[in-house]
Amino acid sequence: MSETSEQIENSTESESSVLESIKQVRIAKAKALQEAGMDPYHSGPFEKVSNQEALAAEMGTQLNIAGRVTSSRTMGNVTFGNLHDETGDIQFMLSKKQLDEPELPEPAYKFILKNLDVGDFVYITGERIETKTGEPTVLATNFRIITKSLRPLPEKHAGLKDSDALLRQRYLDILQNRDVQEMIYKKAKFWKSVRSFLEERGFIEVQTPILEHTTGGGDAKPFVTHHNFLDTDVKLRISTGELWQKKLLVGGLEKTFEIGRQFRNENQSREHANDYDQMEFYWAYANYEAGMALVEQLFKHVALETFGTTQFEMNRFGKIHKIDLDHKWERYDFVEVIEEHAGVNVMTASDEELAQALKRLEATHEEPAVSRAKTVDRIWKVVRRKISGPGFLVNELYELSPLAKKSSEDPNFVERFHVVIAGSELGNGYSELNDPIDQLERFEAQEAMRQAGDDEAQEANYDFVTALEYGMPPAVGFGMSERVFSFFMDKSLRECQIFPLLRQE
RNA sequence: GCCCCUGUGGCGCAGUCUGGUUAGCGCAGCGGACUUUUAAUCCGUUGGUCCUGGGUUCGAAUCCCAGCGGGGGCACCA
């Protein structure tokens with residue numbers, strides 16, 4: 001045994017003997033390629049056309065293609081195989097007679113077959129032909145293995161099905177399931193269309209801190225980590241720069257947005273991940289009415305750009321919601337919609353009546369809500385599931401919105417709106433609270449809730465109050481997360497994450 | 001956090017209910033035949049911690065208990 005293979009064996013001694021023997025065979029093939037002057041990990045460059053282009057090429061065209069070999073069929077002196085690249089698959093053909101004979105230790109056809117495995121990346125020069133059966137094919141005149149694969153790909157018919165492996169080794173999922181690759185393209189389009197929509201309307205993209213001393217802009221438990229240099233604990237942001245972007249308003253920027261990661265140290269579910277992308281925009285001299293008008297346009301634009309339609313079917317909460325974003329967006333008055341569906345007026349009902357209403361609605365109810373406002377919030381969350389939308393929830397209670405401006409008509413409510421689609425909240429915006437005294441009072445109320453045991457109540461941020469004291473122009477802000485994308489895809493959020501976080505093996 | 005499903009060579013599966021030879025089949029691998037296949041075909045063949053640990057039993061992949069991993073559902077923060 002050579003030194004090299006001993007080292008490799010030692011480094012992977014936890015592998016099973018079966019896999020290990022397969023790898024040893026392939027390492028030996030890589031060595032044979034190396035010794036024959038065919039670098040099994042060649043750096044290129046490789047001039048090539050895509051498989052899609054090769055498929056479209058005229059018969060007789062000379063061309064180069066490259067990709068991963070996904071199957072091979074040998075019939076003596078002729079071999080067929082399939083080549084996979086990002087654009088699709090094409091058949092290649094190796095023929096003993098037509099293959100050039102470069103300086104190899106044995107005839108090229110024999111040498112290549114001996115050292116080629118399904119899974120290898122290859123670079124093929126050849127002629128675009130059709131076989132007897134009319135299959136578009138590249139007949140190789142030159143065939144080089146440019147990356148040796150050491151592990152066998154999953155079974156070629158059934159493929160990889162183990163749900164654990166599919167998530168842990170998502171690259172195999174992507175390789176064998178074209179729809180996963182499509183999802184990744186669509187997600188890119190989705191955020192690109194959000195970005196272009198806002199840029200076209202004069203918003204500029206900004207980057208605000210992810211590591212913070214005080215989190216803000218949401219109700220959530222943060223991740224905490226230690227900052228060595230400053231010798232202090234810092235938190236990972238739970239919103240996409242809400243308070244920072246409002247400081248930019250104070251500084252004189254009038255239309256900003258940020259697209260970025262945020263982190264919430266909470267449970268995972270069909271709709272919730274621990275790290276995910278969100279967009280938030282802030283728009284000076286506009287209010288929540290203007291915000292709703294813009295958001296309605298944003299959703300239509302993104303749907304058309306990403307999916308080419310405004311019509312969706314979303315299977316959520318045991319109901320198939322049929323949605324057309326091009327329909328008139330409804331307005332759901334918070335108190336009215338709850339009264340309609342839950343038979344209780346949240347403004348006039350006693351605490352006891354509210355608790356009973358919640359009990360009627362919830363199949364299972366766990367620990368009691370920590371406050372009247374939270375009870376109301378829970379009732380809404382159950383009611384919400386029946387509403388397909390599209391629409392906006394408006395006239396929400398001010399207790400649950402510590403950063404939103406109170407309604408000028410009734411101080412019990414705030415100028416806030418939630419996008420409601422398929423029984424869920426797919427966006428959240430409000431006229432931004434810019435009264436520093438009111439803001440300070442709200443923070444203090446939140447702190448009191450924290451003291452009372454609500455660890456999701458927001459942290460007071462006095463630095464932010466200071467900024468408000470200098471004056472922040474009236475503005476509307478809005479946020480939406482990649483949950484919107486997963487709803488349009490009608491898949492779970494986890495399926496729409498490229499590499500979802502799993503337990504360590 | 002609660003409930004349900006699931007774990008057998010690298011991959012896909014059978015066997016588990018009803019315990020009983022040496023755990024079987026396909027793909028991939030290895031050796032061989034074959035110049036138009038496309039799940040190519042044919043002959044031969046290597047490869048197993050049946051998730052882990054206990055228990056019951058003459059005997060456990062199979063039954064019981066506990067744990068671990070994964071998925072789904074419910075609930076909760078976009």
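Labels below follow one simple rule: chain letters A, B, ... track the order of the sequence lines, proteins then strands, and each chain is numbered from 1. Just so you know, these numbers use all the heavy atoms, side chains as well, and skip hydrogens, waters and symmetry mates.
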K.L.:
Taking a pair as Watson-Crick or G-U wobble with both distances under 3.5 Å, which nucleotide is matched to A14(B)?
P.N.:
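Pair assignment: A14(B) / none.
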K.L.:
Taking the minimum atom-to-atom distance to the side chain of A158(A), which one of G70(B), A78(B), G12(B) wins?
P.N.:
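When the side chain of A158(A) is considered, G12(B) is the closest of G70(B), A78(B), G12(B).
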K.L.:
Among A78(B), A75(B), C30(B), which nucleotide sits nearest the side chain of L493(A)?
P.N.:
A78(B)
K.L.:
Which salt bridge (Lys or Arg N to Asp or Glu O under 4.0 Å) pairs, counting each pair once, include a residue from residues 475-484 of chain A, with sequence neighbours left out?
P.N.:
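For residues 475-484 of chain A, and leaving out neighbouring residues, the salt bridge (Lys or Arg N to Asp or Glu O under 4.0 Å) pairs sorted by first residue read K187(A)-E482(A), E271(A)-R483(A).
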K.L.:
Holding to salt bridge (Lys or Arg N to Asp or Glu O under 4.0 Å), I want the full list of residues that pass it with R450(A), two or more places apart in sequence or in another chain.
P.N.:
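Not a single residue meets the salt bridge (Lys or Arg N to Asp or Glu O under 4.0 Å) criterion with R450(A).
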K.L.:
Tabulate protein N/O versus nucleotide N/O from nucleotides 2-6 of chain B, keeping only pairs under 3.5 Å, one per line.
P.N.:
none

K.L.:
Which atom pairs link the protein and nucleotides 31-34 of chain B when you take only N or O atoms and keep those under 3.5 Å?
P.N.:
residue: C34(B); atom: N3; partner: G76(A); partner atom: N; Å: 2.9

K.L.:
Give a yes/no on whether any side-chain N or O of K156(A) is located under 4.0 angstrom from OP1 or OP2 of A28(B).
P.N.:
yes
K.L.:
Does W380(A) have any side chain to side chain donor-acceptor pair (under 3.5 Å) partners at least two apart in sequence or in another chain, and if so, which?
P.N.:
E425(A)
K.L.:
Are E280(A) and Y282(A) close enough that a side-chain donor and a side-chain acceptor fall under 3.5 Å?
P.N.:
yes
K.L.:
My understanding is that only residues two or more places apart in sequence, or in another chain, count here; which of them pass salt bridge (Lys or Arg N to Asp or Glu O under 4.0 Å) with D120(A)?
P.N.:
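Checked D120(A) against salt bridge (Lys or Arg N to Asp or Glu O under 4.0 Å); matches are K148(A).
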K.L.:
What's the closest nucleotide to the side chain of K161(A) if the choices are C30(B), C13(B), U36(B)?
P.N.:
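Side chain of K161(A) sits closest to C13(B).
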K.L.:
Tell me, please, which residues at least two apart from D490(A) pass salt bridge (Lys or Arg N to Asp or Glu O under 4.0 Å).
P.N.:
none
K.L.:
Tell me every residue that passes salt bridge (Lys or Arg N to Asp or Glu O under 4.0 Å) with R26(A), counting only those two or more places apart in sequence or in another chain.
P.N.:
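Testing R26(A) for salt bridge (Lys or Arg N to Asp or Glu O under 4.0 Å), a comparison that skips the adjacent residues, returns D117(A).
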K.L.:
Which base, if any, makes a Watson-Crick or G-U wobble pair with C2(B), both distances under 3.5 Å?
P.N.:
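The answer is G73(B), by the H-bond criterion.
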K.L.:
Does L403(A) offer a backbone N or O that forms a donor-acceptor pair with the side chain of S401(A) under 3.5 Å?
P.N.:
no
K.L.:
Tell me which nucleotide among C76(B), U35(B), G47(B) gets nearest to the side chain of S269(A).
P.N.:
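Looking only at side-chain atoms, S269(A) lies closest to C76(B).
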K.L.:
I'd like to check the side chain to side chain donor-acceptor pair (under 3.5 Å) partners of H341(A); sequence neighbours left out, ordered by chain and number.
P.N.:
none
K.L.:
Using the test side chain to side chain donor-acceptor pair (under 3.5 Å), find all partners of N274(A) that sit at least two apart in sequence or belong to another chain.
P.N.:
Q268(A)
K.L.:
Taking the side chain of D162(A) as heavy atoms from C-beta outward, which of G29(B), G47(B), G12(B) is closest to it?
P.N.:
G12(B)
K.L.:
Checking contacts here: which listed nucleotide (A39(B), U35(B), A78(B)) is nearest the side-chain heavy atoms of S95(A)?
P.N.:
U35(B)
K.L.:
Which residues pass the side chain to side chain donor-acceptor pair (under 3.5 Å) test with E459(A), not counting sequence neighbours?
P.N.:
T215(A), K235(A)
K.L.:
Within the pair R385(A) and A75(B), is there a side-chain N or O less than 4.0 Å away from OP1 or OP2?
P.N.:
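Yes.
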K.L.:
With rounding to the closest Å, how many angstrom separate the C1' atoms on C50(B) and A60(B)?
P.N.:
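Result for the C1' pair: 11 Å, nearest Å.
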K.L.:
Please list, by residue number, the residues of residues 479-489 of chain A whose heavy atoms come closer than 4.0 Å to an atom of RNA chain B; answer none if no residue qualifies.
P.N.:
S481(A), R483(A)
